[in-house]
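Here's the structure, in structure tokens; my notes come after.
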Amino acid sequence: MSAKEHGKSAIWGGRFAGGPSQLMQDINASISYDQKLYAQDIRGSKAHATMLAATGILTAEDEAAIHSGLSQIEAEIEAGTFTFDATLEDIHMNIETRLSELIGDAARRLHTARSRNDQVATDLRLWLRDRLDDIDTALSHLQSALITQADAHADTLMPGFTHLQTAQPVTFGFHLMAYVEMIGRDRGRMADCRARVNESPLGSAALAGTSFPINRHQTADLLDFSRPMENAMDAVSSRDFAIEFLSAAAICATHLSRLAEEIVIWSTDRFAFISLSDAFTTGSSIMPQKRNPDAAELVRAKPGRIMGSLVTLLTVLKGLPLAYGKDMQEDKEPVFDAEANLMLSVTAMTGMIEDMSVNHDAMRQALTAGHPTATDLADFMVRELSMPFRDAHHASGSIVALADKKGCTLEELSFDDMVAIEPRLNDKVMGYLSVEGAAAARTSFGGTAPDEVRRQISVARKNYNL
Ligand code: ARG
């Protein structure tokens, strides 16, 4: 009678008289979520079998049988005909057990010089490496969408805000380019993370390496890893590669949430700077007039769960002694959840940016409030009248107070009004108070002048290959 028929685990039942309780199985099994790793598990096993044959540990016939059996299993999983079994705990044992059914003894030799500890670390690294490539592509599409809008609106004036109060005139293109830079750094963080993900734990076995004459360099090469990890104990017990991903994901999601919040604000009817397309808004079941920016609100909310995933994995690893502990099985769901939600956020944001329409008039109209050229008035006094900036700031503030009292803009004040407050002023000042002039004058490197924004756009296109 087989171990399984005794109710014992077919995987490790040798020393056991009875099988695990149902509850033990419930808490122990990971197959419901780690089946996501099937392709990586199969790829890792094929590389391991190739290496075992190359080093003479397995025969060429066993290797061939393992390869064809694994290909068949992959096809079964993809066709939806494979039955995942929770009594087999995880993806590794589900595949190995099916391989035994298909090819018999050769399958039972595959686990030579390997453990699920190095296997699972290998699978997760392979999976994450591919996802990092997908994320990079998605982020580059978001940058392209932002740049297309920035280019179209390099001259479109709007108020720049600090404290969400009108500060100085900027262009909408300039504002969007700020996000292109942020996303560029997010891509850089993901690329840094990828370099550390891309190292092979395979062949570390349970924790101490193996006495078989394996070739870890060969499996690393076969799996396109940059190198085999130096220390087997580190290789099976580290998850900082996943923590690093979650941390980069949390930062990226935070950036997206800031843009999402701006989209929410800009699309209110108070601001009306932009309108979202029908594709990215929803109606209300009771108020027929509503167009709600639900996608933006969800992108605003997603950092909650992504940061939660980061804290989850940090907490799982904190204080965990080397080497492997089953605690580490709790690494997968936070990584899967964060990846899926980050990708959704990036792609939804890309769609919103591509489709949004921009209301120049509302943006221009908003510049008539809040005296956005008060700094330019002060700068004029510094430049033309050699006044110390602090004094100029004070004089400009008094002129702003007068405009407020009269209920007009700085530009609408008369020269006489201004000179009554600051007698040193000359009438050239009247040319420095327009919002168009104020934006065009900010030609400093990184400034908002339209030509400078166009320079930023061309540098970004080149740097990011867009
Ligand atoms: N399902 C396990 C995980 O995800 C695989 C490793 C099991 N190793 C062990 N020694 N029980 O971590």
Side-chain angles (χ1 to χ4, degrees), residues 3-4 8-16 19-21 23-45 47-48 73 77 82 84-99 108 110-129 131 197 199-210 219 223 229 231-243 245-246 309 312-339:
K4 215 176 160 187
K8 296 193 283 181
S9 169
I11 313 163
W12 39 253
R15 82 184 293 287
F16 287 77
S21 73
L23 259 177
M24 179 60 213
Q25 221 170 75
D26 291 347
I27 193 171
N28 201 33
S30 53
I31 188 62
S32 63
Y33 50 86
D34 67 14
Q35 55 183 267
K36 207 190 245 311
L37 300 175
Y38 77 89
Q40 291 74 20
D41 198 74
I42 287 170
R43 189 172 170 203
S45 288
H48 185 64
I73 292 170
I77 294 175
F82 188 96
F84 292 104
D85 178 355
T87 67
L88 296 171
E89 292 187 22
D90 55 26
I91 186 62
H92 325 296
M93 294 320 307
N94 271 267
I95 290 177
E96 193 185 308
T97 305
R98 176 70 183 135
L99 192 62
R108 305 172 68 77
L110 172 61
H111 213 52
T112 313
R114 182 177 80 170
S115 148
R116 278 187 291 162
N117 297 351
D118 56 335
Q119 198 178 353
V120 73
T122 303
D123 292 3
L124 190 58
R125 283 172 183 270
L126 287 173
W127 183 86
L128 187 53
R129 186 178 69 186
R131 300 294 79 74
V197 166
E199 299 178 344
S200 177
L202 194 57
S204 295
L207 75 166
T210 173
T219 45
L223 297 172
M229 293 177 75
N231 178 288
M233 189 176 279
D234 171 51
V236 295
S237 47
S238 311
R239 290 295 182 273
D240 51 289
F241 73 89
I243 293 175
F245 163 65
L246 292 172
S309 293
T312 298
L313 193 50
L314 280 168
T315 310
V316 166
L317 268 288
K318 184 201 163 293
L320 194 66
L322 306 192
Y324 179 87
K326 196 63 174 255
D327 315 50
M328 294 169 77
Q329 180 165 286
E330 292 286 309
D331 61 355
K332 283 167 219 54
E333 285 172 294
V335 170
F336 293 161
D337 188 75
E339 188 275 335

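Predicted model, so just to flag it, every value in this text is computed and none were measured. Each residue takes its place number in the sequence, starting with 1. Ligands are counted one by one from 1 in listed order, and the atoms in each one are counted from 1 as well.
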Heavy-atom closest pair, residues Ala232 and Gly209: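 Heavy-atom minimum between the residues: CB-N, 3.7 Å.
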Could you list, one pair per line, each nitrogen or oxygen of ligand 1 together with any protein nitrogen or oxygen closer than 3.5 Å, giving atom names and the distance rounded to 0.1 Å?
from     : atom 1 : to     : atom 2 : distance (Å)
ligand 1 : 1 (N)  : Ser30  : OG     : 3.4
ligand 1 : 1 (N)  : Asp90  : OD2    : 2.9
ligand 1 : 1 (N)  : Gln329 : OE1    : 2.7
ligand 1 : 4 (O)  : Lys332 : NZ     : 2.6
ligand 1 : 8 (N)  : Asn117 : OD1    : 2.9
ligand 1 : 10 (N) : Asn117 : OD1    : 3.0
ligand 1 : 12 (O) : Tyr324 : OH     : 2.5

Sequence-distant partners of Gln119, side-chain hydrogen bond (donor to acceptor under 3.5 Å, both in side chains), two or more places apart: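 For Gln119, the residues satisfying side-chain hydrogen bond (donor to acceptor under 3.5 Å, both in side chains) (neighbours in sequence not counted) are Asp41.
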Pairs meeting criterion salt bridge (Lys or Arg N to Asp or Glu O under 4.0 Å) with involvement of residues 23-40, two or more places apart: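 Qualifying pairs: none.
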Test side-chain contact (heavy atoms from CB on, under 4.5 Å) applied to Val197 and Phe245, step by step: CA-CA 9 Å; Val197 166; Phe245 163 65; 5.7 Å; no
Inter-residue atom distance Leu37.CG - Ile91.CD1, 0.5 Å rounding: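 Rounded to the nearest 0.5 Å, the CG-CD1 separation comes out at 7.5 Å.
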Side chain to side chain contact (heavy atoms under 4.5 Å, CB included) against Ala323, all qualifying residues, sequence neighbours excluded: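 Applying side chain to side chain contact (heavy atoms under 4.5 Å, CB included) to Ala323 gives Leu207, Met233, Val236, Ser237.
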